[in-house]
Enquirer: 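Next up is a structure, given as structure tokens.
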Amino acid sequence: MNQENSIPAIVVFDIDGVIRDVSGSYRRALADTVEHFTAQAYRPTADDIDRLKSEGVWNNDWEGSQELIYRYFETKAQSRQQLNLDYNSIVAFFQSRYRGTNPDNLTGYICDEPLLLQPSYLNQLTEARIRWGFFSGATRASATYVLQQRLNLQSPVLIAMEDAPGKPDPTGLFSTLELLQFGIDINNLPPVIYVGDTVADMYTVEKARNNQSNRTWIGVGVLPPHVQETAQKRDAYTESLKKAGATIVLSNVQELTPEQIQKLMQDL
């Protein structure tokens, strides 16, 4: 038990934009969906999607697609009540692009997502007695695909879309911690680091802190690859994450080494 109590920190990772690059998959499917339901009249750019995400409440890309469709038609003086969009049809089209049209065989954009970390990085955390798991707004099937089939992780701790309300609600983060805190003295809980790439991720940490102020919460921002194309985009995105509560913003998740984690806690 003493050894378990010596755990220096618990790290919980978001998946999209942190573990895998979704600029050519989720975001592409979102743009395809908006374009389809606006009859090819409007295709959101990466900046359009970033602006939507910066509002902090559009973590769900199906809902984000619907919102951009509504906003486009509002610019054409059509009200949401007039449109009466079918949300299930939006989801189905999005999934046909992202997963593919065969439910038993993934053939969509998900198959080509670049990985942003290697299993050896997670092994470094384990060797440093740092426990880790995943809390993501992705569906369980999508998250499991990248964690188990792409990264070859064996039964990783995961709370996915179906398991909890969407971010910035911290319920899923709390559920992830319940699975990671076994054997730890509840009176001596280690700090929690949540690693994400969106404003909603940082808001989630803030809400968790307000809900459970008896422990240390640290939000770590990661810049998704698509915002690192220019210094202007990089700086603006970094500022948005810090404004939302990120203690530090990294270019890649693997920069969050055990040494960096120790430094973060020392600087508190």
Side-chain angles (χ1 to χ4, degrees), residues 14-76 78-115 134-150 158-169 171-172 175 196-198 200-201 224 226:
D14 181 29
I15 293 178
D16 300 335
V18 175
I19 305 300
R20 61 181 172 189
D21 180 1
V22 297
S23 58
S25 56
Y26 265 123
R27 284 169 169 262
R28 183 180 176 189
L30 189 159
D32 286 355
T33 303
V34 174
E35 185 176 44
H36 175 78
F37 283 91
T38 59
Q40 285 69 52
Y42 168 54
R43 182 179 182 85
T45 65
D47 289 342
D48 291 337
I49 297 171
D50 283 340
R51 279 191 289 271
L52 182 76
K53 296 282 187 179
S54 71
E55 295 175 14
V57 294
W58 304 108
N59 192 66
N60 183 313
D61 286 324
W62 300 337
E63 294 175 356
S65 299
Q66 178 178 250
E67 181 63 18
L68 286 178
I69 296 165
Y70 274 133
R71 292 185 187 186
Y72 167 76
F73 281 109
E74 284 175 336
T75 67
K76 306 302 179 184
Q78 295 187 49
S79 71
R80 299 186 181 217
Q81 292 71 25
Q82 286 176 307
L83 289 172
N84 193 27
L85 293 174
D86 181 12
Y87 181 69
N88 290 333
S89 295
I90 291 173
V91 172
F93 184 87
F94 184 106
Q95 292 295 81
S96 74
R97 299 293 187 169
Y98 180 67
R99 292 175 56 87
T101 56
N102 184 346
D104 299 319
N105 182 29
L106 297 178
T107 58
Y109 301 153
I110 188 175
C111 300
D112 300 319
E113 294 170 330
L115 296 176
F134 303 91
F135 166 43
S136 172
T139 64
R140 176 161 286 274
S142 172
T144 298
Y145 174 76
V146 68
L147 296 179
Q148 296 191 5
Q149 295 191 42
R150 300 285 308 281
L158 168 65
I159 296 297
M161 176 192 288
E162 298 90 336
D163 306 318
K167 292 177 280 188
D169 189 310
T171 301
S175 298
D197 71 314
T198 67
D201 294 326
H226 77 275

Enquirer: Is any side-chain heavy atom of V57 closer than 4.5 Å to a side-chain heavy atom of K167?
Expert: no
Enquirer: When you compare the side chain of R20 with that of S142, does any pair of heavy atoms fall below 4.5 Å?
Expert: yes
Enquirer: Looking only at heavy atoms, which two atoms of A200 and P168 are closest? And how far apart?
Expert: O-CB, 3.7 Å
Enquirer: Would you check if the side chain of D50 reaches a backbone N or O of D47 as a donor-acceptor pair within less than 3.5 Å?
Expert: no
Enquirer: Might you point out which heavy atoms bring E67 and R71 nearest each other, and give the distance in Å?
Expert: OE2-NE, 2.7 Å
Enquirer: Going by an N to O cut-off under 4.0 Å, is there a salt bridge joining R28 and E113?
Expert: no
Enquirer: Using only atom types and a distance under 3.5 Å, with no angle test, would you say the side chain of D112 pairs donor to acceptor with the backbone of Y109?
Expert: no
Enquirer: Looking at every heavy atom in both A160 and A138, which two are closest together, and how far apart are they?
Expert: CB-O, 3.4 Å
Enquirer: Is D48 close to V34 at the side-chain level, that is, under 4.5 Å between some pair of heavy atoms?
Expert: no
Enquirer: I'd like to know if D201 pairs up with K53 as an ion pair, taking the criterion as any Lys NZ or Arg NE/NH1/NH2 lying under 4.0 Å from an Asp or Glu carboxylate oxygen.
Expert: no
Enquirer: Would you check, one step at a time, whether the test side chain to side chain contact (heavy atoms under 4.5 Å, CB included) holds for S175 with F135?
Expert: CA-CA 9 Å; S175 298; F135 166 43; over 6 Å; no
Enquirer: Decide yes or no for P44 and Y72: does some side-chain heavy atom of the first lie under 4.5 Å from some side-chain heavy atom of the second?
Expert: no
Enquirer: Please give me the minimum heavy-atom distance between A164 and I159, naming the atom from each residue.
Expert: CB-CG2, 4.0 Å
Enquirer: Nearest 0.5 Å, what's the CH2-CG distance between W58 and L68?
Expert: 8.5 Å
Enquirer: Can you find a pair of side-chain heavy atoms, one from T75 and one from Y42, that are under 4.5 Å apart?
Expert: no
Enquirer: Is it the case that the side chain of T144 and the backbone of A141 share a donor-acceptor pair, with hydrogens and angles ignored and the cut-off at 3.5 Å?
Expert: no
Enquirer: Given side chains that start at C-beta, do those of Q82 and E74 come closer than 4.5 Å, heavy atoms only?
Expert: no
Enquirer: So, taking the atom named CG in L83 and the one named CD1 in I69, what distance separates them when rounded to the nearest 0.5 Å?
Expert: 9.5 Å
Enquirer: Okay, side chain of R140, backbone of D163: is any donor-acceptor separation there less than 3.5 Å?
Expert: no
Enquirer: Rounded to the nearest 0.5 Å, how far does CZ of F73 lie from CZ of F37?
Expert: 10.5 Å
Enquirer: Are E63 and Y87 packed together at the side-chain level, in the sense that at least one heavy-atom pair is separated by less than 4.5 angstrom?
Expert: yes
Enquirer: Going by heavy atoms in the side chains, are W62 and T139 under 4.5 Å from each other?
Expert: yes
Enquirer: Shortest non-hydrogen contact from A143 to L158?
Expert: CB-CD2, 3.8 Å
Enquirer: Taking atom CZ of R99 and atom OG of S25, what is their separation to the nearest 0.5 Å?
Expert: 12.5 Å
Enquirer: Test D61 against Y98 for side chain to side chain contact (heavy atoms under 4.5 Å, CB included), laying out the working first.
Expert: CA-CA 11 Å; D61 286 324; Y98 180 67; over 6 Å; no
Enquirer: Give me the atom names and distance for the closest heavy-atom approach of D14 to G196.
Expert: CB-CA, 3.9 Å
Enquirer: From D16 CG over to D197 CG, what is the distance, rounded to the nearest 0.5 angstrom?
Expert: 7.5 Å
Enquirer: When rounded to the nearest 0.5 angstrom, what distance separates CD1 in I49 from NE2 in H226?
Expert: 7.5 Å
Enquirer: List the steps and the verdict of side chain to side chain contact (heavy atoms under 4.5 Å, CB included) for L115 and V146.
Expert: CA-CA 8 Å; L115 296 176; V146 68; 3.6 Å; yes
